[in-house]
J.: 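Could you have a look at this structure, given as structure tokens, before my questions?
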Amino acid sequence: MQSLGAKRIILFGTGGVGSWCAESLVRTGAEHLTIVDGDVVAQSNINRQVMALQSTVGKPKAEAMKARLKDINPAAEITAVNMFYTAATANQFRLDEYDYVVDCIDSLADKALLLVNATASGAQVFSSMGAARKLNPSLVRVAELWKVRGCPLGAALRKRLVRSGQTLAKPVTCVYSEEKINNEYDISGCETPLEGKKINGSIIHVTAVFGFTLAGLIVQDIINNTQRED
């Protein structure tokens, strides 16, 4: 508990995965957590994001998440950063100051950039792959990025890194689902035309398992390191 409480953790993205990871970490004993998200709580977030309530709609996600976490542990040092991690903002984050970097970003370009920069730092890096449209939580798995299978986001991320010539300085442990998803869409019953757009909806019993698994990986890494020191 002392080891976990002493670690400095930064989490990017407080959506359906990141919000549950943050909650799990603080309830387990993490006391130094920075949460980064430039979005605001929307009505559509209520089905899966822990801080998304009728009372928080319209509020910055990072601030809403911070308020909840401080209500869990008032003594915890929670820093809310209301911005997205992008090429324009990356230089504002000193990743070497953290023991753990948790990636729960949806944007492919920003995700790739974060992983490149995070693996070049001294932090241990954990990343969430795609939970969208997955339904079966029993198919959530853990693997190194280049061994992730059955995940379109993982495949797209690897392809982007190869094509751009970017390299990761060290392995990244990922949480993903090997569930195969159906790419067929039936919108015949919709009242509002979707104009061919695909809706990548997510459901809480999958996104929460992703988030809890990420938190569990950090806790287990701390336990392993503590045992080695002993």
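Residue numbers run from 1 in the order of the sequence given.
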J.: Could you tell me whether a side-chain N or O of K134 sits under 3.5 Å from a main-chain N or O of E179, the two making a donor and an acceptor?
T.: yes
J.: State plainly whether one hydrophobic cluster holds both L25 and V81, where clusters connect Ile, Leu, Val, Met, Phe, Trp and Tyr through side-chain heavy atoms under 4.5 angstrom apart.
T.: no
J.: What residues form a side-chain contact (heavy atoms from CB on, under 4.5 Å) with Y100, not counting sequence neighbours?
T.: K7, I9, Q124, F126, I218, D221, I222, N225
J.: Salt bridge (charged side-chain N to carboxylate O under 4.0 Å, His left out) with E77: which residues, sequence neighbours excluded?
T.: R8
J.: Just one of K61, R48, M51 clears the side chain to side chain contact (heavy atoms under 4.5 Å, CB included) bar with S19, so which one?
T.: M51
J.: Applying side-chain hydrogen bond (donor to acceptor under 3.5 Å, both in side chains), name anything that partners N73, two or more places apart in sequence or on another chain.
T.: none
J.: For T86, is there any backbone N or O sitting under 3.5 Å from a side-chain donor or acceptor partner on T89?
T.: yes
J.: Going by the rule salt bridge (charged side-chain N to carboxylate O under 4.0 Å, His left out), which residues pair with D103 if we only count those two or more places apart in sequence or in a different chain?
T.: K111
J.: Mind checking whether Q49 and M65 have side chains closer than 4.5 Å, heavy atoms only?
T.: no
J.: Do any N or O atoms from the side chain of R158 and from the backbone of V148 form a donor-acceptor pair under 3.5 angstrom?
T.: yes
J.: Side chains of residues 164-171: which donor-acceptor partners sit under 3.5 Å, not counting sequence neighbours?
T.:
{"unit_1": "S164", "atom_1": "OG", "unit_2": "R160", "atom_2": "O", "d": "2.8"}
{"unit_1": "S164", "atom_1": "OG", "unit_2": "L161", "atom_2": "O", "d": "3.2"}
{"unit_1": "S164", "atom_1": "OG", "unit_2": "Q166", "atom_2": "N", "d": "3.4"}
{"unit_1": "S164", "atom_1": "OG", "unit_2": "Q166", "atom_2": "OE1", "d": "2.9"}
{"unit_1": "K170", "atom_1": "NZ", "unit_2": "S121", "atom_2": "O", "d": "2.8"}
{"unit_1": "K170", "atom_1": "NZ", "unit_2": "A123", "atom_2": "O", "d": "2.6"}

J.: Distance-only, no hydrogens or angles: does the T34 side chain make a donor-acceptor pair with backbone N or O of I10 under 3.5 Å?
T.: no
J.: I need the L115 CG to L145 CG distance, nearest 0.5 Å.
T.: 7.0 Å
J.: Could you tell me which non-hydrogen atom of A131 sits nearest to which non-hydrogen atom of T207, and how far apart they are?
T.: CB-CG2, 4.1 Å
J.: Find the distance between CG (L139) and OH (Y176) and round it off to the nearest 0.5 Å.
T.: 10.0 Å
J.: Suppose we screen for side-chain contact (heavy atoms from CB on, under 4.5 Å). Which residues come up paired with V40, at least two apart in sequence or across chains?
T.: none
J.: State, to 0.1 Å, how close L11 and A22 come at their nearest heavy-atom pair, and which atoms those are.
T.: CD1-N, 3.9 Å
J.: Might you point out which heavy atoms bring P60 and N82 nearest each other, and give the distance in Å?
T.: CB-OD1, 3.6 Å
J.: Give me the one residue out of R149, K147, R141 that meets salt bridge (charged side-chain N to carboxylate O under 4.0 Å, His left out) with E178.
T.: R141
J.: In terms of hydrophobic clusters joined by side-chain contacts under 4.5 Å, are M1 and V26 together?
T.: no
J.: Ignoring hydrogens and angles, tell me if any N or O in the side chain of D37 forms a donor-acceptor pair with the backbone of T14 under 3.5 Å.
T.: yes
J.: Contact between V175 and M129 at the side-chain level, heavy atoms closer than 4.5 Å - yes or no?
T.: no
J.: Same cluster or not: I46 versus L53, using hydrophobic residues (I, L, V, M, F, W, Y) connected whenever any side-chain heavy atoms lie under 4.5 Å apart?
T.: no
J.: Please give me the minimum heavy-atom distance between I35 and L69, naming the atom from each residue.
T.: CD1-CD1, 4.4 Å
J.: Once side-chain contact (heavy atoms from CB on, under 4.5 Å) is applied, do any residues pair with K59, and if so which ones, sequence neighbours excluded?
T.: T56
J.: Under a single-linkage definition using a 4.5 Å side-chain heavy-atom cutoff for Ile, Leu, Val, Met, Phe, Trp and Tyr, are I203 and F210 assigned to the same hydrophobic cluster?
T.: yes
J.: Within the side chain of E144, is there an N or O that forms a donor-acceptor pair under 3.5 Å with the backbone of W146?
T.: yes
J.: With the 4.5 Å side-chain cut-off for hydrophobic clustering, are F84 and V17 part of the same group?
T.: no
J.: Grab the two heavy atoms, one from L214 and one from S128, that are nearest each other, plus how far apart they are.
T.: CD1-CB, 3.9 Å
J.: Are more than 12 heavy atoms from other residues, nucleotides or ligands located less than 6.0 Å from atom CG of D99?
T.: yes
J.: Tell me the ring pair (Phe, Tyr, Trp, His ring centres under 6.0 Å) pairs involving residues 47-71, sequence neighbours left out?
T.: none
J.: What residues, two or more places apart in sequence or in another chain, satisfy side-chain contact (heavy atoms from CB on, under 4.5 Å) together with S107?
T.: I105, A109, D110
J.: Once ring pair (Phe, Tyr, Trp, His ring centres under 6.0 Å) is applied, what residue pairs with a partner in residues 10-64 remain, sequence neighbours excluded?
T.: F12-Y85, F12-F93, W20-F212
J.: Distance from S202 atom OG to D106 atom CG, nearest 0.5 Å?
T.: 8.0 Å
J.: Would a 4.5 Å heavy-atom cut-off, applied to side chains only, mark P152 and I181 as touching?
T.: yes
J.: For the residue pair N136 and S177, establish whether any side-chain heavy-atom pair is separated by less than 4.5 Å.
T.: no
J.: Does some side-chain heavy atom of T173 sit less than 4.5 Å from a side-chain heavy atom of L217?
T.: yes
J.: Please collect all ring pair (Phe, Tyr, Trp, His ring centres under 6.0 Å) contacts where either partner lies in residues 36-60, sequence neighbours excluded, each pair once.
T.: none
J.: Locate the shortest heavy-atom distance separating G18 from C104; write the atom from each residue and the value.
T.: CA-SG, 3.6 Å
J.: With sequence neighbours left out, write down each residue that passes salt bridge (charged side-chain N to carboxylate O under 4.0 Å, His left out) with R27, or none if nothing qualifies.
T.: E23
